[in-house]
Amino acid sequence: MLNIVLFGPPGAGKGTQSVKLVKKYKLVHLSTGDIFRQNMAQETELGLLAKEYMCKGNLVPDNVTINMLQAEVEKHPNAYGFIFDGFPRTIAQAESLDIFLNTKKTDVKLMLALEVSEEELVKRLLKRGEESGRADDADKEIIINRIKVYHEQTAVAAGYYAKQNKYFPINGVGSLEKIFNSLCKVMNRFI
Ligand code: AMP
């Protein structure tokens with residue numbers, strides 16, 4: 001299996017690049033943010049719980065997120081591989097993913113990390129807020145909190161994969177095609 005973590009702060013372009021990567025490499029795209037938003041729209045119990053955290057720009061608790069992610073993986077028993085987009089976001093999530101994938105005799109092959117300056121992130125997210133209607137993109141304070149949460153809780157996950165020689169930083173600024181080509185160059189070393 002080819003399991004990839006697509007990493008980076010909010011607004012780095014993970015969602016956009018995931019769409020292109022899953023098409024090219026025939027992987028299953030699992031975005032925890034998208035799954036939470038679907039649950040919110042359907043007002044499921046999970047959605048209502050996640051909303052409390054998402055609307056402030058905080059992380060949904062690990063146990064809830066980990067259980068949800070594992071259930072989503074189980075829905076695709078014949079997948080060639082997964083792109084995990086927005087997961088893991090904490091060390092506990094990264095550790096649980098390793099243990100879970102090990103039970104399936106597989107692992108995370110690499111973490112592709114999109115790097116974008118903070119100023120550019122805020123600009124992109126505010127623009128996305130106008131276009132997508134996502135509440136957590138429309139408010140500058142929530143955006144700033146999400147970036148703070150990324151630095152305080154999520155950025156450490158990069159070190160977790162770096163220790164395993166699986167961390168690949170990619171410049172996330174430039175044309176979509178240029179960034180995609182940089183991602184593919186690394187991906188192609190693993191297929
Ligand atoms: P995203 O669409 O990836 O920007 O995620 C939107 C929001 O969903 C985040 O700000 C968190 O509140 C929540 N979320 C998404 N993925 C995770 C995760 N792996 N752990 C905890 N919360 C998450």
Side-chain angles (χ1 to χ4, degrees), residues 3-22 27-75 82-101 108 111-116 118 120-161 172:
N3 301 311
I4 314 299
V5 172
L6 191 56
F7 193 69
K14 300 187 293 293
T16 309
Q17 293 295 338
S18 288
V19 172
K20 294 165 82 66
L21 288 168
V22 292
L27 303 170
V28 175
H29 180 208
L30 286 188
S31 157
T32 41
D34 284 352
I35 302 165
F36 283 136
R37 276 184 290 279
Q38 280 159 16
N39 276 276
M40 269 165 59
Q42 292 161 2
E43 298 187 336
T44 66
E45 204 178 315
L46 173 67
L48 294 175
L49 187 139
K51 190 175 179 181
E52 284 178 42
Y53 298 89
M54 291 173 77
C55 68
K56 299 189 189 105
N58 293 327
L59 295 184
V60 178
D62 279 336
N63 62 335
V64 176
T65 308
I66 289 166
N67 286 339
M68 179 194 81
L69 190 278
Q70 294 186 355
E72 288 296 322
V73 169
E74 300 290 8
K75 288 182 190 168
F82 293 89
I83 291 201
F84 298 109
D85 163 4
F87 185 95
R89 259 174 154 105
T90 61
I91 294 288
Q93 291 181 17
E95 286 172 347
S96 79
L97 183 61
D98 272 356
I99 294 167
F100 178 63
L101 292 178
V108 169
M111 170 187 264
L112 295 163
L114 293 168
E115 296 189 325
V116 177
E118 199 155 318
E120 172 72 15
L121 293 175
V122 175
K123 213 165 71 188
R124 284 186 192 180
L125 289 168
L126 284 171
K127 186 158 171 267
R128 191 167 77 185
E130 284 169 20
E131 291 161 0
S132 75
R134 256 181 75 171
D136 59 347
D137 284 343
D139 181 317
K140 197 165 177 184
E141 282 200 6
I142 299 175
I143 290 175
I144 296 198
N145 187 46
R146 283 160 67 203
I147 296 172
K148 181 170 160 262
V149 166
Y150 171 80
H151 287 304
E152 288 178 359
Q153 299 178 53
T154 303
V156 283
Y160 180 86
Y161 290 97

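Order of appearance sets the numbers: ligands from 1, and atoms from 1 within every ligand.
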Q: Could you tell me whether R146 and D139 make a salt bridge, using a distance below 4.0 angstrom between a side-chain N and a carboxylate O?
A: no
Q. For ligand 1, which atoms have a heavy atom of R134 less than 4.0 angstrom away?
A. 1 (P), 2 (O), 4 (O), 6 (C)
Q) Considering all heavy atoms of both residues, which atom of L59 and which atom of Y53 are nearest to each other, and what is their separation? A) O-CD2, 3.4 Å
Q.
Quick check on contacts: which atoms of ligand 1 are under 4.0 angstrom from a heavy atom of R37?
A. 2 (O), 6 (C)
Q: Mind checking salt bridge (charged side-chain N to carboxylate O under 4.0 Å, His left out) for E141 and listing every partner two or more places apart, or none if nothing turns up?
A: none
Q) Do the side chain of K14 and the main chain of G86 share a donor and acceptor less than 3.5 angstrom apart? A) no
Q) Can you find an N/O atom of D34 closer than 3.5 Å to an N/O atom of ligand 1? A) no
Q. Going by the atom numbers of ligand 1, which of them fall below 4.0 Å from some non-hydrogen atom of R146?
A. 4 (O)
Q. Under the 3.5 angstrom rule, does the side chain of Q93 hit a backbone N or O of R89 as a donor-acceptor pair?
A. yes
Q: Decide yes or no on side chain to side chain contact (heavy atoms under 4.5 Å, CB included) for F87 and I66, but give the supporting numbers first.
A: CA-CA 9 Å; F87 185 95; I66 289 166; 4.3 Å; yes
Q: Would you mind finding which of R89, M54, R128 brings a heavy atom closest to atom 5 (O) of ligand 1?
A: R89
Q) Just heavy atoms, cut-off under 4.0 Å: does Q93 contact ligand 1 by side chain, backbone, both, or neither? A) side chain
**Q.** Within-cut-off N or O pair, F87 and ligand 1, under 3.5 Å
**A.** no
Q) Under 4.0 Å from any heavy atom of N58, which atoms of ligand 1 are there? A) 11 (C), 12 (O)
Q: Quick one: list whatever passes ring pair (Phe, Tyr, Trp, His ring centres under 6.0 Å) with Y150, sequence neighbours left out.
A: F7
Q) Should V60 be counted as touching ligand 1, given the test is an N or O pair under 3.5 Å? A) yes
Q | Shortest protein heavy-atom distance from atom 23 (C) of ligand 1, along with the residue and atom involved | A | F36 CE1, 3.8 Å
Q. Against heavy atoms of T65, which atoms of ligand 1 measure under 4.0 Å?
A. 18 (C), 19 (N), 20 (N), 21 (C)
Q | Taking every non-hydrogen atom, the tightest pair across A157 and P88 | A | CB-O, 4.5 Å
